[in-house]
Structure formats: structure tokens, C-alpha cells
There are 2 protein chains.
Amino acid sequence: MVTMSDIARMAGVSQPTVSRVLNGKGSSTRISAATQKKVRAIAQKLHFRPSFAGRALVSGRTRSIGFMCGNIRNPYYTEMADIAMRMVEERGYHLILGMMRWISWQNDLECFESLLSRGVDGVIYFGSALAPGRALYERMVQEKFPLVCVNHQPPKLPCILPDFQPGVNEAFALLKANGHSRVTGIRLNGLEKRIPFLAAAKEYGFDVEEGPTFKTEPSRLPEEVLQNVRREAYCFAEQKDRPGAVVITSDQLAAAFIGGLFEKGVMVPRDVSVISFDGTRAGQFMAPPLTSVGQDTTEIIRRALEWIFERIDRKDTSAPVVKIPTRLVIRQSVGPNPNP
Amino acid sequence: MVTMSDIARMAGVSQPTVSRVLNGKGSSTRISAATQKKVRAIAQKLHFRPSFAGRALVSGRTRSIGFMCGNIRNPYYTEMADIAMRMVEERGYHLILGMMRWISWQNDLECFESLLSRGVDGVIYFGSALAPGRALYERMVQEKFPLVCVNHQPPKLPCILPDFQPGVNEAFALLKANGHSRVTGIRLNGLEKRIPFLAAAKEYGFDVEEGPTFKTEPSRLPEEVLQNVRREAYCFAEQKDRPGAVVITSDQLAAAFIGGLFEKGVMVPRDVSVISFDGTRAGQFMAPPLTSVGQDTTEIIRRALEWIFERIDRKDTSAPVVKIPTRLVIRQSVGPNPNP
DNA sequence: CTGAAAGCGCTAACAG
DNA sequence: CTGTTAGCGCTTTCAG
């Protein structure tokens, strides 16, 4: 590895001088054109690349942001990560992914610790293990670490939360306009989605019917979940007098569910209408393209990063909770009720 | 930030002693149980976390591997990255993604440089811009940098290449068994896929017919490509006397293509059979589940990382070119030829 | 068993 | 305009 000292030696100047010309902070210190040229020439010839570690050590920054998400194969996270990566790179940062396995909260926190030990300057956190009483949580709020929680709201930490109600209302309006009046919810376990779902169902006068409930263990491997949903689709397909509409908790699960229906000869949207959550771009390329309650990915990440970068610079920022409204992304998985 | 010196001061020992107990290399130096206990207790209480930068500086390693891939939204890369992330973490490393934009080779190399300036210890490279004559290429081979190329083969660099022929042969065998004899290839531009495709077509006695060719610019935004493929599907759907089978260059494009057919009322596999490349897990949850010429993701990444970690330790390793055979992943996108 | 000293590559403060 | 000095947090000799 070629260092500034190497260059300094060859150029017959001191090492800090090399630093100065190579970092050329415009206004800071001016160096004679001759020295500049000489140093630059040598640096170029030797393919000098400043040592990341050296800089990190002295600056106390690694110029990297941690991104704690669930399985990256879920397009919801893929798309969030994609956006985050681009935005972060614009500032000369790198994004370091940490995938939570949802096995236990300990596992979440270990993953978080691993990122911290890597020296990330900030973290976007999609998990839920960070809660009062846990040591790491206390430490984070105390240190005022640049951390934003998405989709979950621990006290005293800045949070970005989707507001599902508007999107869900739109969903029911669309369903109603298509002559539906009976719906079943699949995997709407979390209250954040379940409550708006029930509220809208009531408001639009829908009968909410029990879907096929599989007693699956709480947290499983992603593929198992998908397989289970597929099986639920089989059940649903074979169900007599089933509702004409289904609302399901994510685009990824919708894919599996629709796949399961397809195998049983039940077509979407001809035989049943499906509305999912997430509104991922990926849903656009499914068969059929998904109608989905979408989050504003760009806005969510933009807000999160904005806050993080602000706190990296100044520790005296507040910890706001911002709600980002959802809206229905209408594509082709909803059709007229076949049995009105 | 709490440092080893802080702990040393509080424990009344020297800083190196703290380092010794906290790193406890079993055999290296033994420290009195009393000191150990004291130091550990303080470290724990203060939530000591060793400085990443400090270690990186002294060890010359960052314990991170760069992963240069195309758009992460493509399940092919998502799944590769997922596997790579897991494997790398098992060794206490982190994976740093670098997304190439396919805009120009310069862009590829900038992305690579960015990873290098971040101090990654090795790189898995899915690009094609690294070629003789380019400065970075020369430097990489000269430095014996721990770098593995996947899907592309520059000289003097270790490479991992899929061998498409076996998988493609299986594909044609399956098609033939289903009464097909006419096929059209979509987006089979790259020779690595086109040659085995044509060879197998010949061997199995298939007529290869021109598909709908859209004159799209060479490298475009991913979403545009998907939209274009969708349009090609429209054309194909409306084509009189079209072949009953389609081979398409990736699972992601197959999704778009099948989506396009679906919109025109053409059903897969009832009306046309589709075989794609990649064999991603994601294809399993599409409608219909994709039959696809699959790569052994785990094996590819495993081999790549194995070599990288070996070279990180020893510079005297060779630069092998390994071929990993593909095999057909049979799911449900192939059916009997409707017009035999 | 443990302390002292050196040095990894870099930036920043202070002299000249 | 440029050199000297110091120090970031850690590991690694080398003494003792």
C-alpha cells in the first residue's frame, strides 16, 4: 500500500504537505503550484488511494450507514435498500446491510451490535427489538446515536411510520366500486394494519370473514411462511361460498397466495380480487400486476437519512415521529365481484 | 467513545494489558485472573466496543468484502447477495454492496474504486468492465488483489462461470417431451447463453424463430427494459401462428413477459410454454412458478469466497477458472404444445 | 505476568 | 507556503 509518507519522501516534502495538496480544501492552506504539481504527479503514478482506516481513525467517522432490515429477498426491503443505497452514495457514504432473522429479539440486537462494531455513523432500523429496558436501547437514546426507526415506535427515538388508513380506505372504496361486500384478511396480524383494515371495513359496510387460519409458529424461515401462505391459498380456493375479495399483508405474500390460487385454477382478478400492502415496484410485474396499499419508499428513506445526517453533525436535534400517508396503487388484481 | 486507555486508567493497568485480556488469544499471553476479572468488569460496565478504525489501521484489514452486482431488485442479484452476506458474516465479515448502473464501463470502474477506497479486503465482481488495457485491471492483477469475477472472464483473474449447456439441454428435452418443436428466444443477446441455446435447438431438432425484436438502446434503466419486454410480450401474444415455446434470458424478464401475455389473455403454460434463465427462488412464487435454467447460487458464492479468503491470507494462490454446471429447475411454466 | 515504546496512515494545530 | 509535533485507538515487539 502506498502512503502519503511514500509520496512525501519521493517529492522531497513533508507528509502533511502531501495531505494538504491531496485534500485541497480550497480556502484552507495554499500550496505552491510547483509542489502541487509534483505531489499530484507522484500520487497519480503510484495510484495513491488514501487509507480508509487512517481517515476513519482520525475523523471518528466511517462514512457508512447501517441498514437493518428483514430478508432482503422481500421486495419491500429490496426496494428500500436500493433507494437508501443510492441516496447515501450521493453523499459519499456507503450502506451496510444488516439482515435481521426475526428469530428472537436477541438476534436483532446482535445484528445491530455487529453494525455498531463496524463503526457505522448512523442506522436505519426496521426492527422492533429496540425497546425500553433493553441495554442497547437505553444506550442509543443516551448517546443520541443517529438512529431512525421505521415502522415501529419506541419512545424517545425518531420514528417514521406509515399511516395505513388513507390507503386502506381507498382500497375498500375500490372494492366497493367493484361490487364487493365480503372480504377476508390474510396475515393481518400486526395492529398497525389490522386496525385500519377493520375500521375501513366497517365504514364501507363490509363483512369481514375469517380466512383459512393455519396455526404456524410465530417466526419462521421466510420460505416457510411463503409455503404456508400458498397452502392457505389452496384452502381458500376450495372454500365454498368464499368472499370475492382478499386483503393480504404484503406484496410478497400476495405473490405466493395468488400463485397458490392459480394452481387450483382460481384466477385473479376474475374469480377473486386481491389487494396487498407495500405497493412495491415488483408488484407491477406480477401476474396480474398487484393493486396494493403503497408506501412512499423514497419519502421514507429521504426523511430518515435527512435526520440521520443532521444528527451526525449536531447532537442537539429533536426526535420527531413522522407519519407518512399511504395511498392505493391501482393495478390489475381487483375486478368485479363474480357473485354479487 | 470509551477506549482501552479509559479502561486501563480505571483498572490501574496499562493499556496493552487491557488489549491482551480483551482479545485473549488463548495461547498468546496469560494474564492473572484478578486483572482479567477487573478489566472485563470495567469493560462491560462501560460498554466498551473496540474501535473499528483503530483495528483496521493496525491490522490493515477492514473485514469487509465488496460485492459488485447489477440492480439489486433483480432477484438473481438479490439471492446472490443474500447468500454472500450470510457466508461472509459467518467469518465475521460484512458485505458491502456496490451496484453497477450498466451505464458505461467507466461507471462500473468508479463503483469498483469506491469500494476499494472503502478498504474492502476482497471483491466479488459481476461486471464486465474489468479488462486488459484498463488501468484498474492491470493494477488488480499486479497487486494480486483478492478479486473473483463471476459470469465474465478477463484473463489472469480467477473466474467463476456458469456452464449453460447442460441446463439448456435439459430445457429442450423437456420442451420436446411436451411436443414442442418451435421455439423463440427472447433477449438471448449474450453469447454465453445464445450459443448453448442454438446448439441445443439444433441437437433437439427445433426451429428457432425470430421473436418480436424491439430496437431498444443497448443499456437502459432496468424498469425500461422490463416495460420493453412487456411490450414484446404483447407483440408475441398477437402474433399469428406463434411458436408454442419461449426461452428468455432471466427470471425477472420472464415475469414481465408472462405478465404481458397475461394481459392479452394468453396463459402460461396453457397457451405458451416459457423457460427462463437463473432458477431463482423468486421464480417459485410467480404465477405460474417458473421452469428455469438455474445456477447453483450457493456453490458459486461459496467458491468465490473460499478463494478470496484464501488469497487474503496468502498472495501466492493461482487464479483458476471454474465452471459451474447449470441444471433445469422444473416447475410449472412448461406444458404440452397446444398446436402440435 | 505486565509495562514501556513504537508505529499503523492520516489530520490538525502551531510554528516559522 | 511548508515543516514539526502530536495524537486518533489499537496491536505488537521488547523488556523486565
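Chain identifiers are assigned alphabetically (A, B, ...) following the order of the sequence lines, protein sequences preceding nucleic acid strands; residue numbering begins at 1 within each chain. Owing to the predicted nature of the structure, the values given are computational and were not obtained by experimental measurement.
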Select from B/S32 and B/V58 the residue whose nearest nucleotide in DNA chain C is closer to the 5' end of that strand. B/S32
Checking all strands, does B/S14 fall into the base, sugar-phosphate, or nothing category for heavy-atom contacts under 4.0 angstrom? base
To the nearest Å, how far apart are B/Q15 CD and C/dA6 C1'? 12 Å
By the 4.0 Å heavy-atom rule, please label A/S5 as base, sugar-phosphate, or nothing. nothing
Decide yes or no on side-chain hydrogen bond (donor to acceptor under 3.5 Å, both in side chains) for A/T317 and A/R311, but give the supporting numbers first. CA-CA 6 Å; A/T317 54; A/R311 174 156 280 192; 3.0 Å; yes
From CG of A/L57 over to P of D/dG9, roughly how many Å is that when rounded to an integer? 7 Å
Quick check on D/dT11: is either OP1 or OP2 less than 4.0 Å from any side-chain nitrogen or oxygen of B/R55? yes
Spacing of B/R20 atom CZ relative to D/dG9 atom C1', expressed in whole Å: 16 Å
Could you state the CZ-P distance from B/R9 to D/dC10, rounded to the nearest angstrom? 12 Å
What is the distance, rounded to the nearest whole Å, between atom CZ of A/R61 and atom P of C/dT11? 15 Å
Side-chain polar contacts of residues 52-59 of chain B - donor-acceptor pairs under 3.5 angstrom, sequence neighbours left out - could you list them?
from, atom 1, to, atom 2, distance (Å)
B/R55, NH2, B/N23, OD1, 2.8
B/S59, OG, B/R55, O, 2.8
B/S59, OG, B/R61, N, 3.1
B/S59, OG, B/R61, O, 3.3

Nearest whole angstrom, please: distance from the P of C/dC10 to the CE of A/M1. 6 Å
Which residue lies more 5' along DNA chain C, comparing B/T17 with B/G54 via nearest heavy atoms: B/T17
What's A/F52 touching, base or sugar-phosphate or nothing? Going by heavy atoms closer than 4.0 Å. nothing
Give the rounded distance in Å between these two atoms: NZ of B/K38 and C1' of C/dC1. 13 Å
Criterion side-chain hydrogen bond (donor to acceptor under 3.5 Å, both in side chains) against A/Y76, the qualifying member of A/N151, A/N71, A/T297: A/N151
OP1 or OP2 of D/dC8 less than 4.0 angstrom from a side-chain nitrogen or oxygen of B/T3, does that happen here? no
Please tell me which of the listed nucleotides, D/dT11, D/dC10, D/dT4, lies nearest to the side chain of B/N23? D/dT11
How would you label the contact of B/S59 with the nucleic acid (heavy atoms, under 4.0 Å): base, sugar-phosphate, or nothing? nothing
Between side-chain atoms of residues 128-141 of chain A and protein atoms elsewhere (two or more places apart, or another chain), which donor-acceptor pairs fall under 3.5 Å?
from, atom 1, to, atom 2, distance (Å)
A/R134, NE, A/A129, O, 3.0
A/Y137, OH, A/P155, O, 2.5
A/E138, OE2, A/G133, N, 2.9
A/R139, NH2, A/E113, OE2, 3.4

Nearest whole angstrom, please: distance from the C1' of D/dT12 to the CG of B/L22. 16 Å
Nearest of D/dG3, C/dT11, C/dG3 to any side-chain atom of A/M4? C/dT11
Check whether any side-chain N or O of B/D121 sits under 3.5 Å from a backbone N or O of B/R63 as a donor-acceptor pair, and report yes or no. yes
Report yes if at least one side-chain N or O of B/S19 is closer than 4.0 Å to OP1 or OP2 of D/dT11; otherwise report no. yes
Have a look at A/P16 and say if it touches a base, only the backbone sugar-phosphate, or nothing, with a 4.0 Å heavy-atom cut-off. base
